Each structure stands twice: as C-alpha cells, then as structure tokens.
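One structure is given here, and the rest of the page talks about it.
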Amino acid sequence: MSVNSYESHSEPSVYVYEAPMRIWHWTNALAIVVLSITGYFIGSPMPSLSGEASDHYLMGYIRFIHFSAGYILGVAFVLRIYWFFVGNSVSREIFFHNILKRSYWSELWHEVKWYMFLVKEPKLYKGHNPLAILSMFWLFLLPVIFMIFSGFALYGEGTLPGSWANTLFSSWMIPLFGGNSFTLHTWHHVTMWIIIIFVMIHIYVAVREDIMSRQSIISSMISGWRNFKDDGKVEDIKDDDR
Amino acid sequence: MTETFYEVMRRQGISRRSFLKYCSLTAAALGLGPEFAGKIAHAMETKPRIPILWLHGLECTCCSESFIRSAHPLAKDVILSMISLDYDDTIMAAAGTQAEAIIEETIKKYDGNFILAVEGNAPLNQDGMSCIIAGKPFQEQLDHVAKHCKAIISWGSCASYGCVQAAHPNPTKAVPTHKAIKTNKPIIKVPGCPPIAEVMTAVITYILTFEKFPELDRQGRPKMFYSQRIHDKCYRRPHFDAGQFVEKFDDEGARRGYCLYKVGCKGPTTYNACSTIRWNEGTSFPIQAGHGCMAVLKMVSGIKAHGMPD
C-alpha cells in the first residue's frame, strides 16, 4: 500500500503577473496604507501636543511622509503606464477592456451569481474576471488617478505658482472644482474612503477566491504564477491573448 | 483740467518730503523695485485724478470701514482726496437728490473715463426690490454706471463672490458684480471681509500710476496680494507643524497661541495677505486675535457665486 493515498493529478499553471506588475501591486498596497493613515491625520490631527513649538515637528513629519508616499504612488503609476504598453494582456485589462462584447456581460452576471453563492462552479480566468475588471476600473484605477491628480494639485498650492506641481495640476484641478481648494480637499478625503472600501472588498474577495475557486490568488501576486488546484484543461482558462 | 494728485496733496498741507515717503512706501507695498518710487511720484505729479463712483449694494460697509483706516502714512487724508471720490453714499456730504445727481454729472463729464467701485452686491429676485437706492433697484443703478465706466473694482467678498447674502438658499438671488452687469467691462476683484486697507489703497494706486490693472490671478484677483495662502505666512504655523492645536476655544492651547486648524480655521485654503499685512498699521488680524475669521470661511466657500455652506 502506498504511503500517499492520493491519486496523482496535474495542476495546470499559467504565468500571469510579470515582476513589474507584482512590484506595482505591493508598492501601491504599502503607499495606500501609509497615505491613508497620514492623510487621515492631516485631515483630523491627533490630540494637541503641549510645550514649545520648537520641541516637536509631528504634523511636519506626518505631512512629509504623506508627500513622500504620494510621490512614490505617482511615480509607480507613471512606470505602470509604461508597462501597459510592453506588458502581457493582464497588464492592459484593468485599463481597457471590451465591454461591448455580449459575453463580457453574461460572464459578469455569472460572476455576480458566483459571489452570491448561486452557482456551483466558477469560470476560470488567466487574469481578472469581468466583475473584477469592473471594480478594478471604477473603484481602484479611477480613484487612484484622481488621488494622484488632486494630491499633487493640493501639494502645488504649498509649492506656490510656478512650481511644476502647481503648473501641471493646481492650475486646472482647483478651477475645475469651483476654484476652491477646500472642495478639492473634501473630494480628496472622500476618495480615500472609496479606496479603503475597495481595499476591504479586494482582500475579502482575494481570500475567498483563493479558497472557493480552487485557484491561487494571493500567492500569484507574489510568485506571478496562477495555480489551478483541480485537474483542469488549460483550454478552459479564459485569456485575452488567445 | 482737474488737479493732479500732487497738487491735491500739497493743498492739503502735505509736505513734499511726506509725499515722496508715501511714493516709496507704496512702491514697496506693491512689491516694485525702488526705481518705481520715482515713477509713482511722477505719475502723481502729472496725472489728473481719475473720478471714482463708489456704489453700495447689499453690504455691511466693512469695506468702507477698512478703507478709511488705511494705515498708510497719508491714507486718511490723501487717498480719499487722491481718487476724487465723486460718489459714495456712506461718506459723502450730499444726500438724496443732490447725491444722485452727481452720478449723472460724472457720467456726462467723464464718460468711459472713470472707475466704478462696487461694495456689496445686487439682488435680482423680486425685480431687485431687496435693495433700493434712490427709489430704484440697485441692480439698475449698477448696470447704468457700469455701462459708462472704464473699469470696475469689486470690493470685498460680496462684490467678488456673493458672500453671506448669496448663501444657500439665497432668497434674494444676490449675485456678484460680474454676474449683475450686462456690459463686459474689465473687473478686478479685491475680496476679503473686509479687504485689507493697504491692499485697497495699493490697488487704486497701481491703477492710477500705470493706468492698468496689476497682474491678476485666474480668479481676477491681484496676484501680488492673493497668491499665497494665509496658512503659509501665518505666525502660528510653527504650532501647526509641531502638532499643537487649539482643541476648543479658551483651552490651554488657545491661551498659548496654538494653531487654530482644529477649531475651523480655513487659512490653509484661503489666499490673502492678512497674515503679512494685517490691519491697523500691522497691529493684528483675526488669527492673531485668537479666532479664524468669517471672511476666511466665505472666501473659501463663497467662490462659487451662490455658494456658502448652510
């Protein structure tokens, strides 16, 4: 009798996330955590410190960390745009996806039912499923672009007219929001909560899918490989490349 | 020909020395180089006074109050004489029909060649009945004078943006100057509640000296006074950076002069020169007195013509 009572089976794997994509993901994750915490404390500062002003620099440090993390998020995004052009199909799908295809919407509906435990079998995708693409675009990509633009617009107020941030962002972002940077501050703040809600959904869904759909999700963002735990035909895996 | 500024000043007993001091101080206040003191002096000596009609709509007169307190060395006597203030119903001696006649007289004599200064704004609802000047809606008077003026100065947040009376729901439909007039005239906005006295006099001096507006920002405000946030030049800024805040009025932080950010100060989003020029010969400004100002809130939120938080 064999020690291993399991029958041998094959686990098809596909290479999904190239290294720059993974680096971008974890850079974003870190930057968003840092930006949200420091940003929250800029909007609602911690209880007042006492003593002389020369003894402390708390708000100064919080703002410095916020601006530094903002720069990192912004630069990472610019590099990500470059990867949009040279990366594989997954690097493009959250930016641009053909939503006019009928199959997109039927598969989207299938995903909604899957998340509501109304269907038994998930469809397998190389990258994101249609619902994931939809939420990645509306709850992550657009908010992050808005945060980078509005963030640098508000930053440009402090660096004064003539600075690059003021010229590139403040000069049109602030008039766009009624010429009133207080309104822009408010939207910057609201969008933080949109991104936090996205992060909560994102982590829940990633863990859930890792368990429920029998495919690697979390480890894929570390190794780059998506591992399908059941016997499966590679042909069943949906991939825009093919 | 009307008298030149210099002649008026001399007639008022101002010495040439004081006059030159005033010119160099004005040049400094405007952020111009020392060589401009001579240019200003030259302009004052040679140019006739430009008449100004100063109209009052829905307002609280705080702009006028601020203006007459300009702490500029000679402001009280000189500026008022300097601009040939032909009409200002609050401070003019004439009243009633006589006062109103001056408007028509100025328009006839200096058509297209005088400056219209507006304090307050015009209500448009109920046919403008919410602000009646000499038996007619203020909107009519404003529009009539605007048609004949050379340029318009919008004093204060009311004329610039709408301010309190334009706050939601704005029952009288009060609108700032640029929305109330039908003609297309150059407008310079000098917001604030009130605007700083020295800013007001400096703007006038600039217009008279160079016969043009100073450089304006995208909202039509003179850049020299409105390009920096109050927060950036606030003397309480070290407390902000240190994380030392007034948590509520009259607490220990308030007594120690900590930053007012947490009790609602909108200095970080308000563009004005309050923290640098201040009021009453640079004595103080609201934040220095221990509270954010009402204007800070209004300049921030009142920028939309009808906008103010409820």
Side-chain angles (χ1 to χ4, degrees), chain A residues 37-67 150-151 153-163 165-190, chain B residues 160-162 189 191 215 217-221 223-224 226-233 235-248 251-271 296-309:
Chain A
I37 293 169
T38 52
Y40 180 82
F41 283 124
I42 291 171
S44 312
M46 281 183 256
S48 178
L49 297 172
S50 57
E52 290 300 321
S54 53
D55 295 338
H56 312 282
Y57 197 59
L58 183 64
M59 275 299 270
Y61 288 129
I62 289 175
R63 290 174 76 243
F64 175 74
I65 295 167
H66 190 78
F67 297 154
S150 59
L154 297 172
Y155 178 72
E157 285 199 291
T159 57
L160 297 183
S163 65
N166 196 291
T167 310
L168 284 180
F169 297 105
S170 316
S171 59
W172 61 275
M173 278 298 276
I174 292 171
L176 191 67
F177 284 79
N180 172 353
S181 78
F182 192 76
T183 312
L184 195 58
H185 273 281
T186 307
W187 281 109
H188 193 70
H189 195 112
V190 167
Chain B
S160 299
Y161 301 133
K189 291 176 189 166
E215 199 185 345
D217 68 6
R218 53 181 172 255
Q219 291 188 20
R221 303 173 296 193
K223 268 186 179 171
M224 58 182 84
Y226 294 90
S227 62
Q228 269 184 302
R229 296 179 296 184
I230 290 172
H231 188 58
D232 292 327
K233 287 284 165 70
Y235 81 106
R236 293 190 186 221
R237 180 64 187 267
H239 291 296
F240 172 85
D241 287 331
Q244 297 173 316
F245 300 100
V246 175
E247 299 284 350
K248 57 183 201 295
D251 69 358
E252 184 59 25
R255 277 189 283 277
R256 284 171 167 267
Y258 287 174
C259 174
L260 299 162
Y261 184 57
K262 279 174 116 172
V263 286
C265 180
K266 296 291 182 288
T269 51
T270 306
Y271 289 77
V296 157
L297 187 67
K298 287 186 302 195
M299 280 194 289
V300 164
S301 56
I303 282 169
K304 280 179 278 172
H306 308 283
M308 242 197 93

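Keep in mind that what you see is a predicted model, and the values were worked out from it rather than measured. Quick note on labels: first sequence line is chain A, next is B, and so on, each numbered from 1.
Between chain B and the options Ser54(A), Ala53(A), Pro161(A), heavy-atom pairs under 4.5 Å are most frequent for Ala53(A). Taking chain A as the reference chain and counting heavy-atom pairs below 4.5 Å, the highest number among Gly253(B), Ala242(B), Pro268(B), Gly243(B) is found for Ala242(B). Taking chain B as the reference chain and counting heavy-atom pairs below 4.5 Å, the highest number among Asp55(A), Ile174(A), Leu49(A), Leu160(A) is found for Leu49(A). Comparing Gly60(A), Ser44(A), Pro45(A), Pro175(A) by how many heavy-atom pairs each has under 4.5 Å with chain B, the most go to Pro45(A).
No more than 12 heavy atoms of other residues, nucleotides or ligands shown are found within 6.0 angstrom of OH on Tyr40(A). Around atom CH2 of Trp187(A), no more than 12 heavy atoms belonging to other residues, nucleotides or ligands sit under 6.0 Å away. Environment of NZ in Lys233(B): sparse, with no more than 12 heavy atoms of neighbouring residues, nucleotides or ligands closer than 6.0 Å.
With hydrogens and angles ignored, the 3.5 Å screen pairs a side-chain donor or acceptor of Glu247(B) with a backbone N or O of Ser48(A).
Among Phe64(A), Tyr57(A), Tyr61(A), the one residue that satisfies the side chain to side chain contact (heavy atoms under 4.5 Å, CB included) test with Asp241(B) is Tyr57(A).
Heavy atoms closer than 4.5 Å to chain A are found in both the backbone and the side chain of Gln244(B). Within the 4.5 angstrom heavy-atom criterion, only side-chain atoms of Arg237(B), from C-beta onward, approach chain A.
For Ser150(A), the side chain to side chain donor-acceptor pair (under 3.5 Å) test picks out His188(A), with sequence neighbours left out. The ring-ring contact (aromatic ring centres under 6.0 Å, His included) test applied to Phe41(A) returns no partner, not counting sequence neighbours.
To the nearest 0.5 Å, atoms CD (Glu52(A)) and NE2 (His239(B)) are separated by 7.0 Å. Note: Tyr271(B) OH to Asn180(A) CG = 10.5 Å, rounded to the nearest 0.5 Å.
Closest approach of Phe245(B) to Met46(A), counting heavy atoms only: CD1-O, 4.3 Å.
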